[in-house]
Amino acid sequence: MNPYESLIAPILAAYPQLDAADIVFNTPPNPSLGDVAIPMFLPARKLKTAPPHLAAEGVEKIDFGPAVLEANAMGPYLNLKLDRAQISGKIVAAVLGEKVGFGSQQSGQGKRAVIEHTSINPNASPHVGRARCAMIGDSITRLFRFEGYDVDVHYYVNDMGRQIGLLVLIADELEDLTFDQILDAYVQANERAKADEAFAQAGYELLLQMEEGNPEAQEKFRAVTDLCLKGQLAVLARIGASYDTFDHESKYVNDPRFEQILDALDKKDAVFIDEDKRLVIDLSKIGHKPEEGRYFVLRRANGSSMYGFRDLAYALDKNDLGADINLMVLGEDHKLYAQQQALILNAAGHPAPEALYYAYILLKDGKMSTRQGKVVLLSDFLDQAATLAAERVAEQCKDLSADEQQTIANQVAVAAIRFAVLRVNPNKNVTFDMDAALSFQGDTGPYIQYCCARINSILRKYEGELSQSVSDEYPATSDAEWMLISKIADFSGIISSAIAQRTCASIAVYALELAHAFTTFYHDCPVLTADTPALVQARVQLCQATLQTLTNALNLLGIEAPERM
RNA sequence: GCCCCGAUAGUUCAGUGGAUAGAACGACCGCCUCCUAAGCGGUAGACACAGGUUCGAUUCCUGUUCGGGGCGCCA
């Protein structure tokens, strides 16, 4: 909801040349200037006059009616003092009425979305860098579901390729390989392949057998990749990421639809067999910029397919689902590759999925490196964070059972990592600071959770009935109350722009701002001991509305709002 | 060498073509007979550099520097 919507019509009445899009509502830098500021830059341009002049004129010319107590021109701004009580009542009532749906425009009603994310190579437990994809993808999924989309989350399982072949060979030699040993085995396999030509060759041959449909080889590949996938999904489940559909790459090895793509490219003279007998696409023939990454290999000389080949078939598969939105979340290392795939698909007359990219997570002392042991495994972080949180919970919630305490500690751990990662714009590198992420102080997920716990505490202590019916006149007299209420009113605007920009970072920042606004209110305005019963009731309802909005925002981030902590 | 992304306080992040560029951490000073101190108040501290467009640029454009990613048989 836009709480200032009712202010637009009077402005248009005074200035018929303007339309609603020209009217923007800002918050003045200082509440003493007014409750809402209307910058005159755009309207003045349209009316061919100077912004300060228009602001001054507007004060006289526009009849805002009873909702506005006072209008003042301040330079290029038209500042309004509102009837806070009236507007506040509407906002609080809207939140308490819409509940878990507050903030949603339901713009996705009747629409379907396919979102692909994570797809970690099956070779190790996910580290926080890889998990960035899962967190972004999962939050985008939650966002689209919140807007009413029917979302199907896909996980593309990389269950083949040379590296997996080598891993299978090593797994054959070891007995009862476990998930925890996979990384070692993987590193070992790759080192051995470098030193031992025959071993490397055996890997390729195994891969070829697998592609040709040898059941024994297929069984071995599947066993190893399933083991990995299961282990990885268990870790990802801890941060609340889940998937609906698993698409195995191996399914697309001999996809008949691929001939059609090849034909289309052939007509453009873009396919050829190179001097080493590889099947190659010349991307410059289908619109690729010259120089960088011009060629795209589809098949090796021995006939085995490259990943790019399979991924094209996979894209066709997802297109067949006919969703309204077709998204995939990819690391920025896949950017050029995905653009090339899109080029090929488009050249063959197919749409390409919309790609969202995220940059890498770095450590304070540089890039993550599995080999140098410079990684933060997601599971390790969660373990450490939960242990720390459990100490605090044990002090604070002595009356809760050990299980209940552990549940809260786990929720805090998830909040810490998800918030730290999601709050950052995806195309920026995140510098991950373990100590900062474990501190739970300041601008963190746990801070927001703490805010929720305090609200719950007030609501528990309130002895009256929690009523949903809000009085028209909300007695929001103080700045702290007004700031909190207007922040709540911002939520749906945040959601629309998050959907449009396909990022949840702004939601994370918003949740933080809302929590700050509540904390200010909490310190300035006694709730349970407010002066009059009507004020107590109103502030309790404001607490409910804040909690509802915070909970809705946190849900989108995949963060729980514990009742106590 | 070429292409893509980024650069805001000591640090980690917000933000905007226009009103005094916001937080948090760290530093320093305060606050628990008061709805949870995982909190609050105060002090000090920033738009990489150089041009350009504009009435006005930290924001848009170009170049430089630095950081991240990428550039045909890895996925």
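Convention: sequence-line order gives letters A, B, ...; per-chain numbering from 1.
The CD atom of E513(A) sits 12.5 Å away from atom CG of L484(A), with the distance rounded to the nearest 0.5 Å.
Rounded to whole angstrom, the span from the CG atom of N26(A) across to the C1' atom of rG15(B) amounts to 12 Å. Residue L550(A) contributes atom CG, which lies 18 Å from atom P of rA38(B) at whole-angstrom precision. As a whole-Å value, the separation of L363(A) CG from rG68(B) P is 13 Å. Summarising the geometry, the separation between CD1 on I494(A) and C1' on rG15(B) is reported as 12 Å, rounded to the nearest angstrom. Regarding M565(A), its CE atom lies at a distance of 12 Å from the P atom of rA37(B), rounded to whole Å. Remark: P of rC34(B) and CG of D524(A) are 18 Å apart, rounded to the nearest angstrom. Regarding L336(A), its CG atom lies at a distance of 13 Å from the C1' atom of rC5(B), rounded to whole Å. Q163(A) places its CD atom 13 Å from the P atom of rC73(B), with the value rounded to the nearest Å.
Base orientation of rG72(B): syn, since the glycosidic angle falls within 90° of 0. Glycosidic torsion of rC32(B) falls within 90° of 0, placing the base in syn.
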Could you pull out all donor-acceptor pairs under 3.5 Å where a side-chain atom in residues 428-435 of chain A meets a protein atom, sequence neighbours excluded?
residue : atom : partner : partner atom : Å
N429(A) : ND2  : Y360(A) : O            : 3.0
D433(A) : OD1  : D435(A) : N            : 3.0
D433(A) : OD1  : A436(A) : N            : 3.4
D433(A) : OD2  : K364(A) : NZ           : 3.1

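E332(A) comes within 4.0 angstrom of a nucleotide base, judged by non-hydrogen atoms across all strands. Residue contacts shown for P76(A) are absent, as no nucleic acid heavy atom lies under 4.0 Å away. Using a 4.0 Å heavy-atom cutoff across all strands shown, Y357(A) reaches no nucleic acid atom at all. Within 4.0 Å (heavy atoms only), N30(A) reaches at least one base atom of the nucleic acid. Using a 4.0 Å heavy-atom distance criterion, R299(A) is classed as making no nucleic acid contact. In this structure, C452(A) reaches neither bases nor backbone, as no heavy-atom distance under 4.0 Å exists between it and the strands shown. Counting non-hydrogen atoms under 4.0 angstrom, V424(A) reaches the backbone sugars and phosphates but no base. Counting non-hydrogen atoms under 4.0 angstrom, G161(A) reaches the backbone sugars and phosphates but no base.
For the residue pair S305(A) / R299(A), no side-chain donor-acceptor distance below 3.5 Å is found, with atom types taken as modelled. Donor-acceptor pairing under 3.5 Å is lacking for the side chains of S250(A) and R310(A). Using modelled atom types, one finds a donor on one side chain and an acceptor on the other under 3.5 Å when comparing D311(A) with Y156(A).
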Table of protein N/O atoms under 3.5 Å from nucleotides 22-27 of chain B N/O atoms:
residue : atom : partner : partner atom : Å
rA23(B) : O2'  : D443(A) : OD1          : 3.3
rA23(B) : O2'  : D443(A) : OD2          : 3.1
rA23(B) : O2'  : H516(A) : NE2          : 3.3
rA23(B) : N3   : D443(A) : OD2          : 3.4
rA24(B) : O4'  : D443(A) : OD1          : 3.1
rA24(B) : O4'  : D443(A) : OD2          : 3.0
rA24(B) : O2'  : D443(A) : N            : 3.1

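Taking 4.0 angstrom as the limit, R454(A) places a side-chain polar atom (N or O) nearer than this to OP1 or OP2 of rA37(B). Between K428(A) and rA7(B), a side-chain N or O to OP1/OP2 separation shorter than 4.0 Å is present. Residue R300(A) places at least one side-chain N or O under 4.0 Å from the OP1 or OP2 atom of rC74(B). Close to rC40(B), at under 4.0 Å from its OP1 or OP2, lies a side-chain N or O of Y447(A). Taking 4.0 angstrom as the limit, K367(A) places a side-chain polar atom (N or O) nearer than this to OP1 or OP2 of rG69(B).
With both ends at atom C1', the span from rU12(B) to rA46(B) equals 13 Å, rounded to whole Å. Rounded to whole Å, the C1' atom of rU20(B) lies 32 Å from the corresponding atom of rG67(B). When the P atom is used for both rC2(B) and rA48(B), the distance is 24 Å, rounded to whole Å. Separation of the P atoms belonging to rA44(B) and rA23(B) is 13 Å when rounded to the nearest angstrom.
E191(A) meets the side-chain contact (heavy atoms from CB on, under 4.5 Å) test with V187(A); sequence neighbours excluded.
Between rG68(B), rA14(B), rC74(B), one nucleotide has an atom nearer to the side chain of Y307(A) than all others, and that is rC74(B). For M306(A), the side-chain atoms get nearest to rA75(B) when compared with the rest of rA75(B), rC35(B), rA19(B). Closest to the side chain of Y360(A), out of rG70(B), rC4(B), rU20(B), is rG70(B). Of the candidates rU11(B), rA38(B), rC74(B), the closest approach to any side-chain atom of Y204(A) belongs to rC74(B). Distances were taken from every side-chain heavy atom of N79(A) (C-beta onward) to each of rA19(B), rA75(B), rG68(B); the shortest belongs to rA19(B). Nearest nucleotide to the side chain of A389(A), out of rA38(B), rA37(B), rA75(B): rA38(B). Here the nucleotide nearest the side chain of H334(A), chosen from rA75(B), rG68(B), rC35(B), is rA75(B). Of the listed nucleotides (rG6(B), rA38(B), rC73(B)), rG6(B) has the atom at the smallest distance from the side chain of N427(A). Of the listed nucleotides (rC73(B), rA75(B), rU11(B)), rU11(B) has the atom at the smallest distance from the side chain of K364(A). When each of rC40(B), rC13(B), rG69(B) is scored by its nearest atom to the side-chain atoms of D333(A), the top-ranked nucleotide is rG69(B).
Relative ring orientation between F296(A) and Y337(A) is described as parallel, the plane-to-plane angle staying below 30° on a 0-90° scale split at 30° and 60°. Ring planes of F258(A) and F309(A): tilted class, angle from 30 to 60°.
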Check your understanding: So E332(A) and Y358(A), side-chain hydrogen bond (donor to acceptor under 3.5 Å, both in side chains) or not? Walk me through it.
Key -> CA-CA 6 Å; E332(A) 64 177 349; Y358(A) 66 92; over 6 Å; no
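Summary of the strand contacts: V393(A) and L528(A) both lie near RNA chain B, and taking for each the nucleotide with the nearest heavy atom, the more 5' one is attributed to L528(A). When the nearest nucleotides of RNA chain B are assigned to D159(A) and E513(A) by heavy-atom distance, the more 5′-ward of the two goes with E513(A).
Checked by atom type and distance alone, the side chain of Q341(A) pairs as donor or acceptor with a backbone atom of G308(A) at under 3.5 Å.
Shown are R454(A), Q405(A), R460(A), Q396(A); of these, the side chain to side chain contact (heavy atoms under 4.5 Å, CB included) with R564(A) is made only by R460(A).
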